[in-house]
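Notes to accompany the following structure.
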Amino acid sequence: MGRDDKGSVGFIGIGTMGREMVRNLLKAGHAVHAFDLNEAAVPDVVKEGAVRAQTPADAALGADIVITMLPDTPHVEATINGEDGLLKSPPPGKLVVDMSTISPVAVRRIHADLKRIGVGFIDAPVSGGPVGAKNAALSIMAGGDSGDFARAEPFFRAMGTTITHVGASGAGQTVKLCNQLICGINIQAICEALALGRASGVDLNLLRRVLLGGSAASWMLDKLGPAMIEGDVSAGFRIDLMLKDLRLVQEHAQALNVPLPGTALVTSQYVDARAHGEGTNGNQALFRVYDRMTNQVRD
Ligand code: NAD
């Protein structure tokens, strides 16, 4: 165990989500060694007590657990299999947890590779966005061996409130992909309702408030509805990341011969958004696709 017997963490990926998760691990009393390819990302958490690591192997040195929070599958695979990666230099605590959203197939491959050298691997993607990360209120859906989950759970408690072991390796990612499919299609449904309401001359804030009181209520309508109405496209969860997740959903579904026509349709609209330069905007910017289809010009 690390400082104060709380357990020490090597944390890799200090981005929008990772930086808040590291803050909460520090607040809970864990020692954190932080690594990011972008050096400018690390000082934020060093100011709050984390120690800068030079490589993934350096972050793992002396750690009970290594947590990765990276954009996509290749970034996680590079961290595991790369020259200074965790396969060559695992943490002494013999536990690696990936909290990014990546391919469930890759997860099972990584799980098997690490198991061969006696290291446990948990896939533990999250839901709740940057606000959930900041408030240590993430929903964490974990896949992997029960003993490894039990060892990771105290660390999850520092970052989230709903923590569920959903099954074997890869199951966490499968549940997360189901979550993303619903989020993507739900945003599209909200765009359509707002476009119809706007064309009819209904007050959109009133429309949203009424819908939140009935069976059309949703997290997306609650949290992203105001930004959609105001035309605020600032990013929490970027269009690019949503497209990455919808790609993962479709790859997974195709491998299992499950048709997902709703996902295919909304994906084409996110592609349209990205083609119009919206990739780094928040995913509520999908409403701009509807602005264009209905000839609404906004700044
Ligand atoms: P981000 O792009 O803000 O952060 C990723 C960080 O990883 C960046 O700082 C980047 O420099 C770093 N990085 C990239 N490759 C690296 C490598 N090989 N080694 C070390 N560092 C590397 O992304 P984010 O919004 O924090 O999302 C991270 C993951 O969490 C993604 O898989 C995303 O889908 C998922 N997620 C995001 C949200 C959200 O609302 N932003 C919500 C739930 C889940």
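For ligands, and for the atoms within them, numbers begin at 1 and follow the listed sequence.
Residue-to-ligand polar distances keep Asp72 apart from ligand 1: every N/O pair is separated by 3.5 Å or more. Where the criterion is an N or O separation shorter than 3.5 Å, residue side chain and backbone included, Pro71 meets it with respect to ligand 1. For Ser100, no nitrogen or oxygen atom sits less than 3.5 Å from a nitrogen or oxygen atom of ligand 1, counting backbone and side chain alike. For ligand 1, the polar-atom distance check finds an N/O of Thr16 within less than 3.5 Å of one of the ligand's N/O atoms. Residue Ile12 has no nitrogen or oxygen atom sitting less than 3.5 Å from a nitrogen or oxygen atom of ligand 1, judged on distance alone.
Applying the 4.0 Å criterion to heavy atoms of Lys176 picks out, from ligand 1, the atoms 43 (C), 44 (C). For ligand 1 and Phe35, the ligand atoms under 4.0 Å from any heavy atom of the residue are 19 (N), 20 (C). Residue contact check: Gly15 has heavy atoms under 4.0 Å from atoms 3 (O), 4 (O), 6 (C), 9 (O), 26 (O) of ligand 1.
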Hey, can you pull the donor-acceptor pairs under 3.5 Å for the side chains in residues 10-25, sequence neighbours left out?
residue	atom	partner	partner atom	Å
Glu20	OE1	Arg23	NH1	3.2
Glu20	OE2	Arg23	NH1	3.2
Arg23	NE	Glu48	OE1	3.4
Arg23	NE	Glu48	OE2	2.7
Asn24	ND2	Glu20	O	3.3
Asn24	ND2	Ala133	O	2.7
Asn24	ND2	Lys134	O	3.4

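At a threshold of 4.0 Å, the pair Asp148-Arg151 counts as salt-bridged, since one of the basic side-chain nitrogens sits closer than that to a carboxylate oxygen. Between Asp245 and Lys176, no side-chain nitrogen of the basic residue sits less than 4.0 Å from a carboxylate oxygen of the acidic one, so the salt-bridge criterion is not met. Using a cut-off of 4.0 Å between Lys/Arg side-chain N and Asp/Glu carboxylate O, Glu278 and Arg274 are scored as not salt-bridged. Ion pairing between a basic and an acidic side chain is recognised when a charged N comes within 4.0 Å of a carboxylate O; Arg208 and Asp203 show no such pairing.
Scanning Val126, Ile14, Leu37, Thr55 for the heavy atom closest to atom 20 (C) of ligand 1 points to Leu37. One option in Glu20, Arg238, Glu39, Met99 has a heavy atom closer to atom 1 (P) of ligand 1 than any other, and that option is Arg238. Distances from atom 41 (N) of ligand 1 to the heavy atoms of Gly13, Gly129, Gly236 put Gly236 nearest. Among Lys244, Met17, Met21, the residue whose heavy atom lies nearest to atom 33 (C) of ligand 1 is Lys244.
Taking atom 9 (O) of ligand 1 as the reference point, the nearest protein heavy-atom neighbour is Asp36 OD2, 2.6 Å. Taking atom 35 (C) of ligand 1 as the reference point, the nearest protein heavy-atom neighbour is Thr101 OG1, 3.8 Å. Here the heavy atom of the protein found nearest to atom 29 (C) of ligand 1 is Leu70 O, 3.3 Å. Counting only heavy atoms of the protein, atom 40 (O) of ligand 1 lies nearest to Pro130 CD, 3.2 Å. The single protein non-hydrogen atom nearest to atom 15 (N) of ligand 1 is His75 CD2, 3.5 Å, given as residue, atom name and distance. In this structure, the protein non-hydrogen atom closest to atom 30 (O) of ligand 1 is Met69 CE, 3.0 Å. Protein heavy atom in closest approach to atom 39 (C) of ligand 1: Phe237 CD1, 3.3 Å.
By the 4.0 Å heavy-atom criterion, Arg19 is excluded from the residues contacting ligand 1. Heavy atoms of Ser127 stay at 4.0 angstrom or farther from ligand 1. Residue Ala78 places every heavy atom at 4.0 Å or more from ligand 1.
Between His165 and Phe149, the angle of the ring planes stays under 30°, which puts this pair in the parallel group of the 30/60° scheme.
When each of Val97, Ile140, Ile65 is paired with Phe155, the side-chain contact (heavy atoms from CB on, under 4.5 Å) condition holds for Ile65 and for no other. The only member of Leu87, Val76, Ile67, Val119 that meets side-chain contact (heavy atoms from CB on, under 4.5 Å) when paired with Val96 is Val119.
In this model, no donor atom of one side chain and acceptor atom of the other lie less than 3.5 Å apart for Gln296 and Tyr290.
Within the 4.5 Å cutoff, the side chain of Thr79 has no heavy atoms near those of the Phe35 side chain.
The salt bridge (Lys or Arg N to Asp or Glu O under 4.0 Å) pairs that include a residue from residues 88-107 are Glu83-Lys88, where partners are two or more places apart or lie in different chains.
The two residues Pro92 and Ala63 have their closest heavy-atom pair at CD-O, 3.3 Å. Nearest heavy atom pair, residue Met99 against residue Val126, reads CE-CG1, 3.7 Å.
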